[in-house]
Structure formats: C-alpha cells, structure tokens
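In what follows, a single structure is set out as structure tokens and then discussed.
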Amino acid sequence: MLIRTYVEKPPVLFIVSGQSNAVGYSDDVYESAAYCGQFWNWSEGINALKPLKDPLTPLRNSGSAWPEFARRFFELTGRKVVFVNVAKGGAYVTNHASNTWYGEDDVNELRVNATTQYTALTTALGTVDTDYVIGGMLWIQGEAECHGVGDGTIQLSEHKSGTLDVFRFFRELASKTDMPVFMSQIGYHATVKTNPVVRSGYEQVQQAQVELANDNANVYLAYAGAKYFLDAGYMRDSVHYSQHGYNLVGAGMARSVANILSF
C-alpha cells in the first residue's frame, strides 16, 4: 500500500512597510486569511503571533491588502505566510518631516520600532531557513513627498536616495543583503484632478518608482494598477484605497512575488 505523507514547508516571512496604504485604511476590518497566514500582533500588551486577520497593526483599525495577498500567494505556491507590518501613515523617506524613515538606524523612531518588532517576531518564529524563510519586503510609500516634488521643495533625487536607504536598512535588519523588495506603485490624490502641480509631483514619483525597480537589483515593481483607482472609483477617500482596491493590490503583488521567488 502506498502511503503519502505531507510535510508542510516553513512559512514565508514578509516585512510590510511604507506609509498609510501599506498600513491599510479601508473602513472594513473583516478580511481574514487565518487558514494560510499569521501576523505579528504588536498591540500594547499582546506582542504575539496571531492568525492572519485585519487589522495588522495597532496604528489603524481597518482593512488592508495583506489578507488577500496571503490567500492568493497560498493558492499559487502552497506556502503559508507570516507578516510583520511596521508601516506608518504619512511617513516620508526624506528629511522634510519629523514623521519619516529618514535618519540613523539606531535613532530614527520608525527604524527602531521596526528593529524591535522584527527581532521579536523572528525570535518567536525560531531559526531562519528551518522554521521560516524570508520572502522579502512589501513596500507602499511615496505619496508623502508628492506635493513637495511637485512644487520643487523636495528634489526627486532625495526621494529616490531616501527610499534606497530604507531598503538598505531593512536588508541589514534581515541579514540578507539581496532581500527582494516588492513595491506597489502609488496611486493618485484626488486633487490631481484640479491641481497640475500636485499631478506633476505624483507622476514624477510614480516614474521614480519605475526607475528604482529598473536600476537596482532585487527591487521589483510588483503592482502598477493603483494609479487607475481614482478614475475607477476604488478609493475610500482622497488618497486611501477602498477594500476592493486593497484586494486588487494584494492579489496583484502576490502574483508578481510568486513568479519571482523560488524556494
């Protein structure tokens, strides 16, 4: 008699970071992928692995792209996922605001928190490559600099160099210098309909994201559809996506990531 045994492979760890659309800002909080994922719940007094269900951070009680990402990734690869979401709404990557990823690794508030949460999660998971494998970082950021880029108070080169330094930080944090970074290209703020300066800033940052992916190893533009959400009616407000929009982001990124990664 032939007996087949199934050995579940280690889950794939993804760091989620950036700003508010990486946090998730829809009104619905019912998205779940508990059967195929977990997340590091770093709410005050919890700090534990939990079955994957929105919200994924203590910073916002709302839905995100990540349960749909997990569901689609599991369908495509058979691999379960673990998320640690350290994104922060409104965060810059330049030194033009106090809420920014810009700064020294051991001083900047967002980087220090990311280090704390990533270290706690990986300690809870166990041994890398045995108890989990690193899939990469899922990154949604750029809206913060768009107004400044449009009016010339922020140079596009600052945004690009600041973004790359954040990628460097997360790769060093994960002790994986070639860790893949998967970006979702930003959408539009509603004011691009009436303000050409704002539109220019958004279009420049969108193009910068294309260039970041084209010019840097292991940086990928995993989803480019969010720029159509404003016209399609997939927005919750002037800048954040509806849950349908987030699900499109999650599914699109999962398809790209599944095509790129191999274990």
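Nothing here was measured: the structure is a model prediction, and the numbers come from that model. Sequential numbering from 1 along the given sequence is applied to the chain's residues.
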Without swapping roles, check the side chain of [X] against the backbone of [Y] for a donor-acceptor pair under 3.5 Å.
X	Y	answer
Ser242	Tyr234	yes
Glu203	Ser200	no
Gln19	Ala144	yes
Thr77	Ala258	no
Gln141	Ala91	yes
Asn21	Gly89	no
Gln206	Gly187	yes
Gln185	Leu221	no

What do you reckon, is [atom1] of [X] surrounded by more than 12 foreign heavy atoms closer than 6.0 Å?
X	atom1	answer
Tyr102	OH	no
Lys160	NZ	yes
Tyr35	OH	yes

Same apolar cluster (I L V M F W Y, side chains within < 4.5 Å links), Trp66/Tyr220:
yes
Quiz question: by atom type and distance under 3.5 Å, do the side chains of [X] and [Y] form a donor-acceptor pair?
X	Y	result
Thr57	Asn85	no
Thr191	His189	yes
His159	Gln204	no
His244	Asn247	no
His240	Ser20	yes
Lys50	Gln38	no

Is there a side-chain hydrogen bond (donor to acceptor under 3.5 Å, both in side chains) between Thr94 and Glu145 once you walk through the steps?
CA-CA 8 Å; Thr94 61; Glu145 276 88 11; 3.1 Å; yes
Considering all heavy atoms, the nearest [X]-[Y] contact:
X	Y	value
Tyr241	Ala226	OH-CB, 3.4 Å
Lys193	Leu230	CE-CD2, 3.8 Å
Tyr246	Ser26	CE1-N, 3.5 Å
Thr122	Thr119	OG1-O, 3.2 Å
Leu76	Arg255	CD1-CA, 3.8 Å
Leu173	Ala114	CD2-O, 3.9 Å

Please examine the side chains of [Y] and [X], heavy atoms only from C-beta on, and report whether any two atoms are closer than 4.5 Å.
X	Y	value
Leu212	Thr163	yes
Leu52	Leu56	yes
Asn47	Gln117	yes
Val86	Val16	no
Phe74	Val12	no

What pairs with Asp165 under salt bridge (charged side-chain N to carboxylate O under 4.0 Å, His left out), at least two apart in sequence or on another chain?
Arg111, Arg168
Can you tell me how far [atom2] of [Y] sits from [atom1] of [X], rounded to the nearest 0.5 angstrom?
X	Y	atom1	atom2	result
Thr100	Asn108	OG1	CG	6.5 Å
Asn41	Leu121	CG	CG	11.5 Å
Ile134	Ser175	CD1	OG	7.5 Å
Met253	Tyr223	CE	OH	10.5 Å

Steps toward salt bridge (Lys or Arg N to Asp or Glu O under 4.0 Å) verdict (Glu68, Arg72):
CA-CA 6 Å; Glu68 176 63 14; Arg72 190 60 58 91; 3.2 Å; yes
Pairing of Glu109 and Lys88 as salt bridge, 4.0 angstrom limit
no
Could you check whether Glu8 pairs with Arg79 (Lys NZ or Arg NE/NH1/NH2 to Asp/Glu carboxylate O, under 4.0 Å)?
no
Centroid separation under 6.0 Å, is that true for the rings of Phe14 and Phe73?
yes
With ring-ring contact (aromatic ring centres under 6.0 Å, His included) as the criterion, how do Trp42 and Tyr118 come out once you've worked through the C-alpha distance, each side chain's angles and the decisive distance to 0.1 Å?
CA-CA 10 Å; Trp42 51 280; Tyr118 181 83; over 10 Å; no
Here's one to test your reading of the geometry: is the NZ or CZ of Arg236 within 45 degrees of the ring axis of Tyr25 and under 6.0 Å from its centre?
no
Parallel under 30°, tilted from 30 to 60°, perpendicular over 60°: which one fits the rings of Trp139 and Phe167?
perpendicular
